[in-house]
Amino acid sequence: MKIIIGITQEPKKIKGLLSVYHGKTESLTEIGPFVSEVEALNWLVYLKSRIGEIEEIIPELQTSTDALWYGFTFEQTSDPTIVA
């Protein structure tokens, strides 16, 4: 099992990422909002130090400097042909 983690300013896109990465719906955890990108990145660094096998989704270039940030994690199915 692999854990997928990331941050975004567009929380509505998280459900789409769940599908693209063959995530288990029941394992989705969303956190936030974070008031700054630095705060969100600190959360991400902490998680990466605590979790073994992960894959980080690099956020798309964000244009809004004042928008809030959100973090997410989910488990990827062991068989990518199975979508939860």
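Keep in mind that this is a model prediction, so the values were computed, not measured.
For E55, the side chain to side chain donor-acceptor pair (under 3.5 Å) criterion is met by K2, not counting sequence neighbours. In this structure, the side chain to side chain donor-acceptor pair (under 3.5 Å) partners of E56, at least two apart in sequence or on a different chain, are K48. With sequence neighbours excluded, no residue forms a side chain to side chain contact (heavy atoms under 4.5 Å, CB included) with V45. Shown here are the side chain to side chain contact (heavy atoms under 4.5 Å, CB included) partners of S36, two or more places apart in sequence or in another chain: V38, E39. Residues that satisfy the ring-ring contact (aromatic ring centres under 6.0 Å, His included) test with F34, not counting sequence neighbours, are W43.
Side-chain atoms of T8 do not come within 3.5 Å of backbone N or O of Y70 as any donor-acceptor pair. For the pair E75 (side chain) and S27 (backbone), a donor-acceptor distance under 3.5 Å is absent.
For L17 against F74, the heavy-atom pair with the smallest separation is O-CZ, 3.8 Å.
With values rounded to the nearest 0.5 angstrom, L44 atom CG is found 10.5 Å from E37 atom CD. Going from atom CG of L47 over to atom CZ of F72 covers 11.0 Å, rounded to the nearest 0.5 Å. With values rounded to the nearest 0.5 angstrom, I31 atom CD1 is found 12.0 Å from I5 atom CD1. Rounding to the nearest 0.5 angstrom, the gap separating the CD1 atom in I4 from the CD1 atom in I14 is 13.5 Å.
W69 and V35 fall into different hydrophobic clusters, where Ile, Leu, Val, Met, Phe, Trp and Tyr side chains are chained together by heavy-atom contacts under 4.5 Å. The hydrophobic clustering, which links ILVMFWY residues whose side-chain heavy atoms are closer than 4.5 Å, places I57 and L68 apart.
Here the options are E26, E30, K24, the test is side-chain contact (heavy atoms from CB on, under 4.5 Å), and the partner is L28; only E30 passes.
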